[in-house]
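Residue numbers run from 1 in the order of the sequence given. The basis for the numbers below is simple: all heavy atoms, side chains too, and nothing from hydrogens, waters or symmetry mates.
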Amino acid sequence: MVQSSELKSKNKTQSESLAFSVLNIASPNVRETTTSRFSRSSTGAGNLQKSLSLLEDTGTTPGSLFHTSGASKHTTRLSERSSLSRISDVMDFSRNVSFHGGREVSFFQTHTPGKSFLVGETSTVADCTVDVTTTSAALLAEDDPGLRASASLYKDFQEKLHNYPSEHEIFELLLEFEKLCSEQLVMLRKVVKKVVPSQNKFINTIRVLNLLEQERNSWRLVRTLYQDRLQTELINDPDMILMDTLGSPLSDRQIIDNLYERDSFIRQCQLVVDWLEQNHAEDFEDKHHNKVKFFSESGVAWENTLETLLNKQKRITDPSAIRLIDEMDPDAPIRQHSSLHDLDREDEDRLLKCMFAHVRAGQLDMAQQLAKNCGYVWLAAALDGWRLQHDPNYGKMIRDGVQIQPLEGNLNSRDVWKAVCWKAAEDVRLPVYERGMYAALSGNLKNLLPVCSTWEDDLWAYMRVLTDVYIEQEIRGSTQQEKTLEELPVLFWEQILTPEQIFQNLQASTLETVRQEAKSPHQVIQKYLILDDIDGLIEEMYEMVQAEPSPPHHLIRFMVHLVLFLRTVGRSSKEELCVTVIEAFVKVLIEEGQNSLVSTYAAHLPPLLQVAWYAKFLEGIKEPSERQHCLQLAENMGLDVPLITKTVVENIRSIGREPLKPLSELTSDTTEEDLQKVEAIDWLVFDPSQRAEAVKQANALMRVFVASKKLDAARKVFAKIPADSIDVIFRQWRRITGRTELSPEDDNATREYICFQAYLQAHDAFNDWFEHYHHGRPKEPKQPEKSDIKFTEWVAYEHQQKQYEADFERWEQALMAQTKDTVNRIYNVLLFVDGGWMVDQKLAELEKSQDEPEETGRLNQMSLLRKLCIPQMSFLLHTILHETKQFKEALQLADIIASEKNQLYKDFSKEELRTLFQKLRESSLVLLDQSHDPLGYPWE
């Protein structure tokens, strides 16, 4: 055990001594020490079956990760070493990275290790525990499983809004939004992994997956930045924060901790870096399939090169061995201008790329561990020099029994390490991803950008370099070290760019993919969030929802919730543009059939738009139960339900509206459009308090139908109004005002309603009379001829004749009763009380309202109906009286029409008066034939 401990200590010392050898082209002494470390025996070859088992453990199809060339290559490799574990045993890329305590410290994060700037919790894909086995199988059968699976997000987001309604819960709400997106990503990734990539129906699924991934990142950014910004606004005097540290010696790490606490700009730049690294870490499994653990089991670097060097026979027979290095230290390839074995070069490229991916994800410890497991101990040590020095024991009382904590960071040579690291990043002889790691740690933007391939990668490079420069300035300006610090290149200090300049550079990137991503919606939104340019953000979102074709519905959902967040924290601006964004989402909900959600988001619109959009939504609801449910939801959200239902009816009434004019046809058929208008009245009869409005709307609809001679449709409208409506209107008015007399508007509406009742009853009575008179009259039996009639036939005839006479007598009696009733009902229209049929009784009290277009149109329509219906009723009345031989009463119709009391003659045109006179003349001629005078009186 003692020997083992000494060996480990020795190895650790050697690894630390090698840290600068790889950077500074190590000395011969160091190289000799290094070479000896690789003089270990090797046996056997790699085990393919173990590699396959590793793939199965990942839950991914082996074919997607395992390369045939890699399999054949590893059959010649050195197998297990007793001193090192297998990579599959020590590497776990499914690590749950969190912004809370579990996340690794960012490279520039020089405050307390393990502590992150990103406050609050963070949902990750690994946190989600969604059971997707059964769900995924069901989704695969859908035509577009991605859209189907993500449809629940509309309801989920609305529920979260209800669950976290208060302002102090706003960041918990954002965290829930983030978790919802993560859960959907788990579902969609499971689905995508089970399908054939060539299936076209999954194209939208991939698009939705990418969109939700960006949305999750955007919610994380909003929560991260604005929680810090709002907390910063609460600090009245930031300079007072550091008063307690004055006069105290500070370590480098304390200096930078104070910088972060004092300077909100630097802190928020670091927040952006942490955010970008967290996004990359969370999606590491899905973006980096080419893992080192699938291609190596040994813990020795350059194992194929080593085997070739140890195998003298192979060195003689293998032509490629001539150009191999003959010393096994890290600097040998550069020093000897020789190369590694082809398989080792592949492995090294794969290793370095994976390590850089960990660096990009803020997982430096994992990158170092990976290097150690693969035998690159010197590389792991070389990456350790970035840490800031700190003595956790300084300022504390050391008592007996209290363990002294070890010193932290690069104690005396961080400046030298950084300068050498910069030079290593500039060395074109090193592999590109190794240079990229050195560039990331030394702030060398020029050599960091070539290994960045996406918009997020480039933004990460710019922001971490910017932060690094400010950190270095602070350290060099505040350090209490006595020695002279190593100078950094002038180019390092010239890399300070403003965030605005950074985003301009991204838009002008030499990479087409970066330029295109810079234009994508979420990247544009993230840009304005980082810049804290709310005006620009709102304008961009407004342009997005106005664009053709319209943006994805999930993007609109994200934007409207972002607007609501900005409103809640008091950062919203350009309210008219925000309203347009909300309107776009309400439209989406209507199109998607999310009936239970429309009221929630319509409530965030101005009152007039609330009414307009919710009324438009209700127009498409047909089921009575669903209508009542939607009205209840609107009432719960504080919407103006009476005005909404009125607007619904008016909107439907306006469909196909044309100027009102009489038709020449006797009757017109009821269309589907007419029936839709009739059904609209139901919206106003659910609530008794709206009964007066129901009557008004029904009146308006009946005016159109009667004028269009669609009496069947008018009857359907009249039937929609409950029979007790007049009584209900009086009770409601009395309950509200305490008076028994209705308002002029309601009084005229109820009077008009009664006018229609009288008119429809008169028409129905005439139809019944007409049916009875023309089709109900008994037929007289035909008398047989007496020449050859038989006795039995004559008896049957006499019996039929008696039956006919009895039936005729009953028919006449019924006719007289029907005639009397019909005449009375027609007179109810012609001689309607208190001013006449379709004439408002309280005109004087409505003089002000008569100037309004709506009231003026109503009065014009009522006047038109009088001109249409009064002559028509007069002609029907004359027909009845004339056909029933009541000629004298028919002539009395002239007196009624000519009377100045009712002034019915004013509603007749000249042509109609001539027609009436012609009818009266026919009745008068019949009277003359009966020895009466032309007016029906007997001659004296």
Query raised in the report: Which atoms form the tightest heavy-atom contact between Pro722 and Tyr753, and what is the distance?
Result: O-OH, 4.3 Å
Query raised in the report: How long is the span from the CZ atom in Phe730 to the CG atom in Asp746, to the nearest 0.5 Å?
Result: 9.5 Å
**Report entry** Worked verdict on Met544 versus Ile525 for side chain to side chain contact (heavy atoms under 4.5 Å, CB included)
**Finding:** CA-CA 11 Å; Met544 289 180 194; Ile525 291 172; 4.2 Å; yes
Query - Option from Val581, Val586, Val579 for which side-chain contact (heavy atoms from CB on, under 4.5 Å) with Glu583 holds - result: Val579
Query - More than 12 heavy atoms of other groups within 6.0 Å of Glu623 CD - result: no
Under 3.5 Å donor-acceptor pairs involving side-chain atoms of residues 166-173, not counting sequence neighbours:
from	atom 1	to	atom 2	distance (Å)
Ser166	OG	His168	ND1	3.1
Ser166	OG	Glu169	OE1	2.9

Query raised in the report: Hey, does Val704 have a side-chain heavy atom less than 4.5 Å from the side chain of Lys677?
Result: no
Query raised in the report: Between Ser152 and Gln184, which heavy-atom pair has the shortest distance, and what is it?
Result: OG-NE2, 3.4 Å
Query raised in the report: In terms of heavy-atom contacts, does CZ of Phe770 have more than 12 from other residues, nucleotides or ligands at under 6.0 Å?
Result: no
**Report entry** Lys716 and Asp674: CA distance, side-chain angles, deciding distance, salt bridge (charged side-chain N to carboxylate O under 4.0 Å, His left out) verdict
**Finding:** CA-CA 10 Å; Lys716 293 180 185 296; Asp674 296 333; over 6 Å; no
Requested in this report: Kindly determine whether Leu876 and His763 satisfy side chain to side chain contact (heavy atoms under 4.5 Å, CB included), including the steps that lead there.
Outcome: CA-CA 9 Å; Leu876 294 179; His763 251 289; 4.2 Å; yes
Requested in this report: Verify the distance criterion only: is there a donor paired with an acceptor across the side chains of Glu912 and Tyr905 at less than 3.5 Å?
Outcome: no
Requested in this report: I would like to know whether Leu881 and Leu893 meet side chain to side chain contact (heavy atoms under 4.5 Å, CB included); could you show each step before the answer?
Outcome: CA-CA 10 Å; Leu881 295 175; Leu893 183 59; 5.6 Å; no
Query raised in the report: Is the NZ atom of Lys910 crowded by more than 12 outside heavy atoms at less than 6.0 Å?
Result: no
Query - Residues, nucleotides or ligands: over 12 heavy atoms within 6.0 Å of Lys820 NZ - result: no
Report task. Report the C-alpha separation of His554 and Phe558 in whole Å, then their side-chain angles, then the decisive distance to 0.1 Å, and conclude whether the ring-ring contact (aromatic ring centres under 6.0 Å, His included) test is met. Result -> CA-CA 6 Å; His554 285 297; Phe558 164 75; over 10 Å; no
Under 3.5 Å, which donor-acceptor pairs link side chains of residues 596-608 to any protein atom two or more places apart or in another chain?
from	atom 1	to	atom 2	distance (Å)
Thr600	OG1	Gln158	NE2	3.0
Tyr601	OH	His561	NE2	2.8

Query - Nearest heavy atoms of Cys181 and Phe157, plus distance in Å - result: SG-CZ, 4.3 Å
Query - Any residue meeting salt bridge (Lys or Arg N to Asp or Glu O under 4.0 Å) with Glu575, in chain and number order, not counting sequence neighbours - result: Arg567
Report summary line: Across all chains, not counting sequence neighbours, the salt bridge (Lys or Arg N to Asp or Glu O under 4.0 Å) partners of Asp727 are Arg731
Query raised in the report: Does the side chain of Asp532 come under 3.5 Å of the side chain of Tyr226 through a donor N or O and an acceptor N or O?
Result: yes
Report summary line: When every non-hydrogen atom of Val706 is compared with those of Cys869, the smallest separation belongs to CG1-SG, 3.8 Å
Query - Minimum heavy-atom distance between Pro688 and Val728, given as atom pair plus value - result: O-CG1, 3.8 Å
Query raised in the report: Could you give the distance from OH (Tyr164) to CD (Glu159), rounded to the nearest 0.5 Å?
Result: 11.5 Å
Requested in this report: Carefully, step by step, assess Asn828 and Gln761 under the rule side chain to side chain contact (heavy atoms under 4.5 Å, CB included).
Outcome: CA-CA 10 Å; Asn828 286 342; Gln761 288 177 348; 5.7 Å; no
Query - Test item: Leu555 and His522 side chains (from C-beta on) under 4.5 Å apart, heavy atoms - result: yes
Query raised in the report: Using a distance-only test with no angle check, is there a side-chain donor-acceptor pair under 3.5 angstrom linking Arg735 and Gln732?
Result: yes
**Report entry** Glu673 versus Ile655, closest heavy-atom pair with distance
**Finding:** OE2-O, 3.3 Å
Report task. Would you mind checking if Arg825 and Asp768 are paired as a salt bridge, meaning a charged N to carboxylate O distance below 4.0 Å? Result -> no
Query raised in the report: So, Asn636 and Gln632: side-chain donor and acceptor under 3.5 Å apart, yes or no?
Result: yes
Query raised in the report: Considering only heavy atoms from C-beta outward, does the side chain of Ile896 approach that of Leu904 to under 4.5 Å?
Result: yes
Query raised in the report: Does a side-chain heavy-atom distance below 4.5 Å link Arg691 with Asp724?
Result: yes
Requested in this report: Determine the interplanar angle of the Phe177 and Trp219 rings, folded into 0 to 90°, and report it as parallel if under 30°, tilted if 30 to 60°, perpendicular if over 60°.
Outcome: tilted
Query raised in the report: Tell me, do Phe756 and Met838 make a side-chain contact under 4.5 Å, heavy atoms counted?
Result: yes
Report task. Without swapping roles, check the side chain of Ser863 against the backbone of Leu859 for a donor-acceptor pair under 3.5 Å. Result -> no
Query raised in the report: Within a reach of under 6.0 Å around NZ of Lys160, are more than 12 heavy atoms found that belong to other residues, nucleotides or ligands?
Result: yes
Query - Leu566 backbone acceptor or donor facing Ser572 side chain under 3.5 Å - result: no
Query raised in the report: Can you list the residues that meet the side-chain hydrogen bond (donor to acceptor under 3.5 Å, both in side chains) rule with Lys906, with sequence neighbours excluded?
Result: Gln903
Requested in this report: To the nearest 0.5 Å, tell me how far Asn699 CG sits from Arg858 CZ.
Outcome: 7.5 Å
Requested in this report: Only counting residues at least two apart or in another chain, list the ones meeting side-chain hydrogen bond (donor to acceptor under 3.5 Å, both in side chains) with Glu679.
Outcome: Lys720
Query raised in the report: How long is the gap from OG on Ser573 to CG on Asp535, to the nearest 0.5 Å?
Result: 3.5 Å
Report task. Could you tell me whether a side-chain N or O of Trp837 sits under 3.5 Å from a main-chain N or O of Cys755, the two making a donor and an acceptor? Result -> yes
Query raised in the report: Without hydrogens or angle criteria, can the side chains of Glu693 and Gln697 be said to hold a donor-acceptor pair below 3.5 Å?
Result: yes
Report task. Give a yes-or-no answer on whether the side chains of Gln526 and Ser218 include a donor-acceptor pair shorter than 3.5 Å. Result -> yes
**Report entry** Proximity of Tyr614 and Phe617 rings by center, below 6.0 Å
**Finding:** yes
